[in-house]
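Below is one structure, written out as structure tokens; the observations come after it.
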Amino acid sequence: MPPLPHEGTPATDVKIAVRRLGKVFSTGAGSVRALEDITLDVRDGEFLCLLGPSGCGKTTLLRVMAGLEKPSSGTLEMRHDDPSRSLSAVVFQDYSVFPWKTIRNNVIFPLLQTGVRRSRARELADHWLAQLDLAGFEDAYPDTVSGGMKQRVAIARALAVQPELLLMDEPLAALDAQLRLLLQEKLLDLWQANQNSVVFVTHSIDEALLLGDRIAVMSARPGRIATVIDVPFDRPRDPDEIRASPDFATLRDEIWHRLRRELQPA
Amino acid sequence: MTAAIRDQGSVSSSDAGGVAAAGGGWRSIKPGLAETDPRGYARRRRLTERGVAIAVPVALVALWQYLAAAGVLESNYFPAPTTIAESWAELVASGVYQESVLASLQRIVAGYLLGGLTAVLLGLVIGSVRLLRVALEPTISALYTVPKLAILPLLLLIFGLGETSKILLVALTCFFVVLINTIDAVSGVSSRYHDVGRSCGASRWATLWHITLPAALPQILTGMRIASGLAVIVIVGAEFVAADAGLGFLVWNSWNLGVPEHMYVGIVSISLIGVAFGLVLRGVQWLLTPWNR
């Protein structure tokens, strides 16, 4: 049994406190236990990866954090430090950019919802689009650009509101392997410069090791936290160096064996 | 078994030699006309396509003219296109034509806008509020299937022979088509877009304006286009029996008076109005959904 964070009042450096959280989806045919007895802390300013096989409920957990689903049992508490800032922003797995808005207006949209003036929102949007190498595409419609660019729009849209907490649901899953590496490096750079708290859902062990401070490994059906692993690499991280290091290989094997046990029926 | 992959040189050399002995040989895949001269190819194709689109109807009319002049077609039923054109000019000169077109157009446009726009507004509300949708959908489906021409007598009874009854008939016809399409479009908006709205705290109004409406717009406009055709169809029917002006009236009255040329003027004009209406709506679609261009 992995060591669990202590119960009760969350510690001060805790951004999200998840306590004995469960989620059951009821359908016509019956009910599915998506999450069971999840207890987890997300600390201030940390990059936490939720890693697990598909169907383990990691997306559901993220959606509960985003306020898009309510838990069936247990609680989830989030600390909102600065009321003038958005608490959270979400990058969704599929290309959830609006095809009917230009790339700039996609990024402006959430800013306007948080009360930013239009001219300021436009500046911010252009700044974040440039950060994600999308300068020059501001007035294009999303369907005229590639999948990788669309996903960068989605990331810019989330970053532009400068949320205290960034929730990312397999944001790179739909991209090809090379593009994925490039965007991982981009995310690493951006996060190192901005230091929001991040919860990052992924099914890639490499990605979790490269990006995360800690990795919460989940088991499937019902989704539970199997173990939480501290990633020992120092920051700022150099992706190439990390991938080449022996620690990386050791940790990857360790996590893989752990995951394989979850995937194989006992 | 020959090697599956050869370098460029060997392909072209075998190409020069053509197909070798029976049973074996090279299949050569080379650029065609579309690849060697893409611009010229595209231009020629465009010209050909436009050409046939115009040539076919022109040829049909010419054939009609020829058969009528040769006496093959009974002139009482199928007057020659030139005869129809002459009577068209007569009707224009007397002002009857303009009056008819204007009367029909006014009813179509007024009824269409009234019915269509009301339906879009109501559809947006009904489509986004689940309880309303569940409560109203069966009733709407039932009312939709009633042929609207069948309730013309009822409208005449209530509103008399004036313009109101005819405009309302067009409005009702358009209303249900657009309403059903709008409700369908709105309730079918992908939840992932709504998730984005919810996750950034968008208000109900912002969600409707920035997410629901644009996401549903292509299908709403499809409904509007279907309705435009129906509006033309239903107004002609109404004018047959309950009008003293309009293109429907012109056709019907020409039958009563035994002037088949005038009937054709009316029929062709109705069809042209339908075509023009469709083109206008394509333009509206182009303007309102720039991301689909």
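Chain A is the first sequence line, chain B the second, and so forth, proteins listed ahead of strands; every chain is numbered from 1.
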Contacting moiety of B:Ile211, where chain A heavy atoms sit under 4.5 Å: both

Minimum heavy-atom distance B:Cys200-A:Phe109, with the two atoms named: SG-CE2, 3.9 Å

Most contacts with chain A, counted as non-hydrogen pairs under 4.5 angstrom, among B:Ala206, B:Ala215, B:Gly201: B:Ala215

Just list the donor-acceptor pairs under 3.5 angstrom between chain B and chain A, please.
residue: B:Asp195; atom: OD2; partner: A:Arg63; partner atom: NH1; Å: 2.7
residue: B:Asp195; atom: OD2; partner: A:Arg63; partner atom: NH2; Å: 3.3
residue: B:Arg198; atom: NH2; partner: A:Leu68; partner atom: O; Å: 3.2
residue: B:His210; atom: O; partner: A:Trp100; partner atom: NE1; Å: 2.7
residue: B:His210; atom: ND1; partner: A:Lys101; partner atom: NZ; Å: 2.8

Greater than 12 external heavy atoms within 6.0 Å of B:Leu47's CG: yes

Proximity breakdown for A:Val161 and chain B, heavy-atom pairs closer than 4.5 Å: neither

CZ/A:Phe25: more than 12 non-hydrogen atoms of other groups inside 6.0 Å: yes

Per-residue contact mode, B:Pro290 against chain A (heavy atom under 4.5 angstrom): both

